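Notes to accompany the following structure.
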Amino acid sequence: MEKRFSRHEDGKESSKSKRRELGLSCMLNTEVGAVLAVIRRPPSELNAPYMCTADDTYDSSIQQSLKSLRALIFQPQQKWRTIDPSIYISPILDVIQSDDIPAAATGVALSALLKIIKVEIFEEKTPGAKDAINLIVLGITNCKLEKTDVVTEDAVMMKILQVLAGLMNHRASYLLNDQSVCTIVNTCFNVVQQSASRGDLLQRTARYTMNELIQIIFSRLPEIEFRDGEDSESDTEDADLGGSMDSGYGIRCVIDVFHFLCSLLNVVETAEMVDGLGSRTADEDVQLFALVLINSAVGLSGDAIGKHPKLLRMIQDDLFHHLIHYGARSNPLVLSMICSTVLNIYHFLRRFVRLQLEAFFIYVVLRLASFGNSTQIQEVALEGIINFCRQSSFILEFYVNYDCDPFRSNLFEEIGKLLCKLSFPMGSPLTTLQIQAFEGLVIMIHNIAEKLEKEESSGGSSRVYPAQINVYRPFWEEKSKDDLQYENWLDYIRVRKAQKKKVLIAGHHFNRDEKKGLAYLKLCQLVSDPPDPKAYAFFFRYTNGLDKQLIGEYLGDPDQFHVRVLAEFTDTFDFTSMILDTALRTYLETFRLPGEAQKIHRILEAFSERFYILQSSNTFASKDTVFVLCYSLIMLNTDQHNPQVKKKMTEDEFIRNNREINAGKDLPRDYLSELFHSISNHAIILSPQSGLQFDMNPSKWVELMNRSKIIQPFMLCDFDHRLGRDMFACVAGPSVASLAAFFEHADEDEMLNECIEGLFSIAKITQYGLEDTLDELLAIFSKYTTLLNPYASTEETLFAFSHDLKPKLATLAVFTIANNFGDSIRGGWRNIVDCLLKLKRLKLLPQSVIDFEVASTTSNDMAKSDSGVIFPSQDPKFGTQQSSGMAGRFSQFLSLDSMEDSLSLNLNEFEQNLKFIKQCRIGSIFSSSSSLHDEALLNLGRSLIFAAAGKGQKFSTPVEEEETVGFCWDLITTMSLANVYRFQVFWPSFHEYLQTVVQFPLFSAIPFAEKAVLGLFKVCLKLLSTYQPEKHPEELIFKSINLMWMLDKEILDTCFESITQSVSKIIIEYPANLQTAIGWKSLLHLLSATGRHPETYEQGVETLIMLMSDGTHITRTNYTFCIECAFSYVALKNSPLDKNLRILDLLSDSVNFLVQWYRNYCAESGNSYSVASNASSSSVEDKGLGSNFALTLFIKLGEALRKTSLARREEIRNHAVISLKKSFMLAEELDFTSTNCINFFNLVVFAMVDDLHEKMLEYSRRDNAKREARSMEGTLKISMDLLTDVYLLFLKQISESSGFRTFWLGILRRMDTCMKADLGSYGESSLKDLVPELLRKIITKMREKEILMKKEGDDLWEITYIQIQWIAPAIKEELFPEESF
């Protein structure tokens, strides 16, 4: 069954094949029959006036061959693809090539041939296909049309074009040999030329066919090498011939065809002038057609051209030479096509045309786009430049290949500056050229910004610093990218650019002073030490703008080093393939020959040697021949082109003058004749002092081609943010100026939107180390907001802002940049703050606008200031700011800003402004400042602090000043709260700013310091709300707080309530987080200062009592400050007695803290020795190191109580003395030494007794002060009792002191003073009764302790006895019975 099925399928295929073969036979039979029919028709039926007569007969052999062909067509078992195509093609070709066949028959024969080609009767594998297809080409090109009219001839030519196109599209077309392909192209172009004087249809068809042929030929070029495996590096003709004989046409015909296309660019036409003469100009129509074909060829061939040296050299030399030559002189249409052609070449072959591209830009597009040309030409050239800028890699690669090469032009910089110059508006309205140039500038800026943004999203670094020349590197040495690692190559490129800048600066110095210029090269490490003559040589050779006269003088100097520089300078020239006059022109273009004969001799001698070495022929026998001939050419040039020379030298005279100069022989006459005519027709123009020549002359082109053989190829490179930064830095200034000016003069929304987009792109770029540029841009756009106009009234400013689109756009742009690119802003923050404050003063910034984008936070989580600023209570999350919404916000603004929309929404002017201000997102600048870099944060803070201090501000009323200052401090506070996590990073600078502003000549502490203190305490609360591992932030904030409140005594009186609340909250809620002495000191001092006010006394005293009664947070650090604060509250007049007594009790109880600290110290140090073993001069600031810290603190306490003992109210005085006594009793464990005890008595007890005694006597002398005198007497009695008890408590320690005798006398003296106290008119003092009792108590105790007893060599007993006699004689015998006895 399977076999039957297989036979059935085979039968079907066989039947199908037979039907196809039969169909081909019928088709061929029809075509042959049609040809025969036309041949047989009588001439009278052909309507051909130029046909042969009736007597004429056609070639019977042609008819016979056609008949024979028909007889073969229907032979059985016929398979057309196995038959040699020549069998059925040759008879038809005979008809086409016959001179006697009518044109109608030729046309039918061409149609038959076209049908044979279209239906593909034969294929590439058909025997004889190659011969047949080449035979068709030969037959078509030999088509005879002598006997026809114009119309019929056009029809036949159309058929020929169709056949040629069909032939090249045939699947066997690759079997065509190179000659046949060239013949096809040539034939087609002949038709193109002939059609110029014929019908438009034929011309269009011919051009279309020509284009189609070029596309077919060059689209095969990428396959030729792969298929044929030819050696692309070979320069021999055999290698260029292509593949084997079976593979058909190859690179040879491609070269020939391309050479032919290039030659079309040089086709000239002769235009007859009025005087009968003709002028030869380029045929622009042919040039356009050729450029279209060349564009197709390059586009289809792609980079495959680079694999074929001959074809590549043709593009490098012939094509580019024509493009540059005619591009500088052509009409706009040709120029446009030339720019497109070069762009195509750039895409595919830029690696091989580095110097050619540079020449094209210098001599064509940059020159034509500049001012001085017609607007139409400028626009076309500018469009060509912009098309290049649209290419993704163009600006970077041009910057790397040219701007970073000391020997090449700054093409990127020139393009950028040209776009800026052309786009800079001189007035309104904007011209088409200005808009076009601005479009190009924005494209270039966007290109850099997008690449930077893309690299940043992939994790690239943002901060970039300019490249520095740290070590000597020969700037003339060029390295390949392939030889270096990427980072090394990048460093090499950036340093080369830095070297180039320095070289140009050295050039400017050189033109003013030769020595200074060369010294600058050494200073910048561009010249080695000792100097390398090659460095100077390359400096003179390739630095643009040098004074050519100075170069010539230097090179001609006889100094040995100068001679070496001359030799190196001459070696930079490549005179290969140049004739002598071209080489001499090239050489003398770079400097001006000096006037001194010896200098000229040295220079020409160096040139002659170099030229002789590089000559490609044996024309010259020695360098001396060249030297002599050079002199002769210079003399000939003077003779021929100096108008003062009347009788000119003839050719024969020139040749005769140069006889036998070639080693005794003559130079070839033809060579000398060529030199003569070259000099006569084109003078050797000695170079001017400086500047560039703008024409590409033959000598320059030859030099360019020679240099292109040795220079590094065009480098392809990926974008890097460091290069992007350096690129924009070259054009930053002009770009900013053009962008700003364009914005100022633009009227259409689209143009304004382009300006804003360009502004944002520049902002993106400035993140990479170009902060000054953004500051400049912000300064300009801040001016366009109209908010900073010092001459406009409030009404004028409001009107301009509310009724003009530009101020709003500028404002939105400024604040959007602040939101998204704050890291790049430095001094520009001042303009932003000024705009913000102006909005505030104009009431265009309502409180509800500054929501700081914390709508998601509940009202319980934030505190609000008087100015409407909301302070976040949580640390904001910080991260990279996004700018993706900028364009959308601006589009929305533009769409909603129209007056119609506002009216339709029933919005008044204020509501419109409110809607606009919300889009500015002003609040997020400060609340999201946590994402700002340190330097940006410092600059923003500086601007706010300076603005709050009044710098740059003008206030019309005190209320306005207070509101503005408060608003600034609210912003500073908000920003500080958002950055608490790095407080110690930015606040030291903020504190310095505060110290600076208080030194301003017109600085006013009110209201600045008032608002500052309030804001600083908010920050302080935030800082202390959490534990800070570092003490520095706490110290910083309290330094600033102290600085502010100390500026004016009124500050504490106006802010006492807020200060008390803040201080109380910190002490009550966060005392554990207070770690520094300055913090405790500042808080407790402010607590005591604000306690003077009745409104805050209660809160302050309760805070103090809570702190001291709890005792948990009383430390050696704050103990002294607590005592001082407590004393200040006790000393207040009219303060509640119970509070004061409570404070005094707490003071006395605080001795327990001292005892506990002392115990802990002894336990930690592992000793139990007495305090006496240590020095006595330790201070509290020693952080407890040293054993007498507790005693020092005890002295502080005693002094505070001593002072309190002088208070006006008796209850307080007495309680203070009692508290002091209690303190001494509790302090017994402190292990007092004799020295300490005596010291304490002197500072506290004795001082208290003396002060109270003096006070008592003072009251006794006053009138009506009996009650006060008696009250003070009572306190003195208590103090004397304290003296006695404390003395007896520490009697043992005191008695061991070497100064005990003096101390004892001091006690006796005070007893005597009190005993003899006189209250005058107020009566006897009750002290007279107390003192004897105290003395009895003391002496008795001393005798018990055997301290007071008779001893040999000790007079203490005698002195005491004598003193008792004076003080209290009544008790003498009782105390000293021995003496009485």
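Computed from a predicted model, the values in this text were never measured in an experiment.
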Keeping Asn820 on the side-chain end and Phe815 on the backbone end, is there a donor-acceptor pair under 3.5 Å? no
Asn266 side chain to Cys262 main-chain N or O, any donor-acceptor pair under 3.5 Å? no
Measure from NZ or CZ of Arg350 to the centre of the six-membered ring of Tyr346 and say whether it is under 6.0 Å with the direction within 45° of the ring axis. yes
Using modelled atom types and a 3.5 Å cut-off, is there a donor and acceptor pairing between side-chain atoms of Gln316 and backbone atoms of Phe352? yes
Looking only at side chains, do Glu757 and Asn753 share a donor and an acceptor under 3.5 Å apart? yes
Decide yes or no for Asp747 and Lys806: does some side-chain heavy atom of the first lie under 4.5 Å from some side-chain heavy atom of the second? yes
Just to verify, which of Trp701, Tyr363, Phe360, Tyr326 counts as forming a ring-ring contact (aromatic ring centres under 6.0 Å, His included) with His321? Trp701
Could you tell me whether Lys502 atom NZ has more than 12 heavy atoms of other residues or ligands within 6.0 Å of it? no
Passes ring pair (Phe, Tyr, Trp, His ring centres under 6.0 Å), Phe916 versus Phe801? Steps please. CA-CA 11 Å; Phe916 158 72; Phe801 186 82; 5.6 Å; yes
Tell me the closest heavy-atom pair linking Leu396 and Phe719, and the distance in Å. CD2-CA, 3.3 Å
Short side-chain donor-acceptor distance under 3.5 Å, Lys783 and Asn831: no
If you take all heavy atoms of Ile377 and Asn331, which pair is closest and at what distance? CD1-C, 4.1 Å
Ring-plane angle category for Phe361 and Phe398, please: parallel below 30°, perpendicular beyond 60°, tilted otherwise. perpendicular
Indicate yes or no: does Asp726 engage Lys497 in a salt bridge with an N to O separation below 4.0 Å. no
Donor-acceptor under 3.5 Å (Tyr402 side chain, Phe407 main chain): no
Pair Phe743-Phe781, ring pair (Phe, Tyr, Trp, His ring centres under 6.0 Å): steps then yes or no: CA-CA 9 Å; Phe743 179 82; Phe781 271 78; 4.9 Å; yes
Count the heavy atoms belonging to other residues, nucleotides or ligands that lie under 6.0 Å from CZ of Arg830, then report whether that count exceeds 12. no
Is the shortest side-chain N to carboxylate O distance from Lys451 to Asp718 below 4.0 Å? no
Quick check: are there more than 12 heavy atoms from other residues, nucleotides or ligands sitting under 6.0 Å from OH of Tyr465? no
Pair Arg496 + Asp405: basic N to acidic O under 4.0 Å: yes
Within a 6.0 Å radius of atom CZ on Arg351, are there more than 12 heavy atoms belonging to other residues, nucleotides or ligands? no
Is atom CD of Gln391 surrounded by more than 12 heavy atoms (other residues, nucleotides or ligands) closer than 6.0 Å? yes
Answer yes when Arg354 and Glu358 have at least one side-chain N-carboxylate O distance shorter than 4.0 Å, and no when they do not. no
Applying salt bridge (Lys or Arg N to Asp or Glu O under 4.0 Å), can you list everything that pairs with Glu771, at least two apart in sequence or on another chain? Arg463, Arg826
So that I can tick it off, tell me whether Glu439 and Arg390 are bridged by a salt bridge, with the cut-off set at under 4.0 angstrom between side-chain N and carboxylate O. yes
Examine the side chains of Asn295 and Ser340 and answer whether a donor and an acceptor come within less than 3.5 Å of each other. no
